Amino acid sequence: MSAQKKRVYVETYGCQMNVYDSRAIRDGLARAGYSEVETPAEADLLLLNTCAVRDNAEQRVLGRIGELQQYQYARPEVRIGVLGCMAQRLGEKLVEKRKAVDLVVGTDNYGRIPELLEKVESEGRAQFDLAVDGTTTYQAPPEVDPLNNSHFISITRGCDYRCTFCIVPYTRGPLRHKAPTQILEEVRAVAEGGGVEVTLLGQNVTAYRHAEASFAQLISAVAEVDGIRRVRFLTSHPTDFPAATLHAIAAHPEISPWLHMPIQSGSDRVLRRMKRGHRLSDYMAVVDLARELLPDVAFSTDIIVGFPGETEEDFEATLRVMRDVGYDSAFTFKYSPRPDTPADRLADDVSEEVKRVRLARLLDLQECLWAERGRAMVGQEWKIAIEGTDQKGRGFWRGRTLNNRKVLIPERPGLGIGDELRVKVLRLEGTTFFAEPLSLTWKYDRVAA
Ligand code: 5AD
Ligand code: SF4
């Protein structure tokens, strides 16, 4: 490679944990002398931070590697690296599948990327590091844009559950908890840069436990950091949801009463086969207590259809939970067998067609329920924070309520990103509310913030 600064292009797939990790990876490479570029055509190093949670996520990445190979044909010095969960799962098999790959680095070894790249050059062959050490955590620098809502901060890595369908415990290893001091340092850095909102991330954040703080204590401490006005967190697990966590949310007006809490299935029989570690009644107990303690609580969820052995009756139980909880949004997936997970030993016996129909029924029901609930919200007065302009360029500001509802208001002089205001909801289109501004309640001031 030339003596000039090497250029890296990073593409991120999958969950927000990967978005955070990609920031840590870019930071590490910047310190090793790489500059970041926005398009693969300009780069010497192409990195894909991947997801393995479903087969289609992996197929997309395999296809993408094929596309990126053109840059290697044009400039043989271009290197391609695959990182993240798919790298961890497939290891050397990735290079068998796609010869263009020069580097495969699992989820615990991002600190070694620069060194491995040097070895790619000196040894002239692909390099791998898939060791799982069970202790690594990463610290990404705060984002440059102070008002980029929201600054993600990962507080846990990995997962100690063994849901039978899930590859995560194998690709991300055991649950690790970042020290509260380190998390608070990251939160303070966001606030010092003028940021006002953080989102605490983990596969299972509510299971956070450290000698120095429980999850309830941690979110309270984060909410109390000077300058922080909004604290969100995901993903929640119903088994790790003590009342203390809900009390902490209730006690802090900064903490978002929005719970992204996957149910996966509404049938106890399926939950047992999934080894989720809870029954439907345990989940509903958290929902009910949350409703009691948090007047503005909003829920979202993940649901899998067509898990092995799922009957029509099981599926109808899932439809019932959707009705009983009334989710703001539901991420719905067809079961995708993952090699070497416990469920992979069960027959994938729900046909593709049945999975497709069940998925469509879930989506239809969610749409119907939401339309009805959302319409009932028209006329209400809410507080929102402005996050940016409407992506469709229709002359609106885009904002969000603390419980995560999307709201558009007409652009007005005197209002800007970061401002908080009261609005009156006028109508609903899909999942976006249109509202009229009533009064400014807090003006974002970059200097004072
Ligand atoms: N098939 C389909 N969906 C899955 N998920 C996890 N593993 C699988 C799988 N094998 C879904 C779960 C999880 C979300 C992140 O992805 O619903 O909550
Ligand atoms: Fe996967 Fe279950 Fe852990 Fe979530 S709780 S990451 S679904 S094993």
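When a ligand or atom number is given, it counts from 1 through the structure's own listing order. Because the structure is a prediction, the values reported are computed rather than measured.
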- Query: Any idea which atoms of ligand 2 are less than 4.0 Å away from a heavy-atom of F165?
  - Reply: 7 (S)

- Task: Check each atom of ligand 1 against the heavy atoms of V53 and keep those under 4.0 Å away; list them by number with element.
- Result: 6 (C), 7 (N), 8 (C), 9 (C), 10 (N)

- Would you please test E254 and R230 for salt bridge (Lys or Arg N to Asp or Glu O under 4.0 Å) and show each step? CA-CA 5 Å; E254 300 86 0; R230 293 183 292 281; over 6 Å; no

- Query: Salt-bridged, R157 to D21, with N to O below 4.0 Å?
  - Reply: yes

- Query: Which of the atoms in ligand 1, numbered in the order shown and given with their element, are less than 4.0 Å from a heavy-atom of I304?
  - Reply: 3 (N), 4 (C), 5 (N), 12 (C), 17 (O)

- Message: I'd like to know whether CZ of R373 has more than 12 heavy-atom contacts from other residues, nucleotides or ligands below 6.0 angstrom.
- Response: yes

- Shortest protein contact, atom 15 (C) of ligand 1 (heavy atom only): D302 OD2, 3.7 Å

- Message: Measuring from atom CD of Q203 to atom OG1 of T156, what distance do you get when rounded to the nearest 0.5 angstrom?
- Response: 7.0 Å

- Note on the structure: In Q72, R79, Q127, the residue satisfying side chain to side chain donor-acceptor pair (under 3.5 Å) with D102 is Q72

- Task: Kindly identify the option in Q264, R54, K355 whose heavy atom sits closest to atom 17 (O) of ligand 1.
- Result: Q264

- Message: Inside 2.8 Å of atom 2 (Fe) of ligand 2 but strictly below it, how many protein N/O/S atoms are present?
- Response: 1

- What is the closest protein heavy atom to atom 10 (N) of ligand 1, and at what distance does it sit? S336 O, 2.7 Å

- Does ligand 1 have a heavy atom under 4.0 Å from the side chain of F165, from its backbone, from both, or from neither? both

- Pair D314 + R358, salt bridge at N-O below 4.0 Å: no

- Message: With heavy-atom distances below 4.0 Å as the criterion, list the atoms of ligand 1 near R338.
- Response: 10 (N)

- Query: Are the aromatic rings of Y138 and Y20 close, with centres under 6.0 Å apart?
  - Reply: no

- Message: Could you check whether F299 and H260 have their ring centres less than 6.0 Å apart?
- Response: no

- Query: Within 45° of the axis and under 6.0 Å from the centre of the six-membered ring of F433, does NZ or CZ of R427 qualify?
  - Reply: no

- Pick from H237, M261, K334, M274: the one approaching atom 2 (C) of ligand 1 most closely through a non-hydrogen atom: K334

- Between R162 and Y170, is NZ or CZ placed under 6.0 angstrom from the six-membered ring centre and within 45° of the ring axis? yes

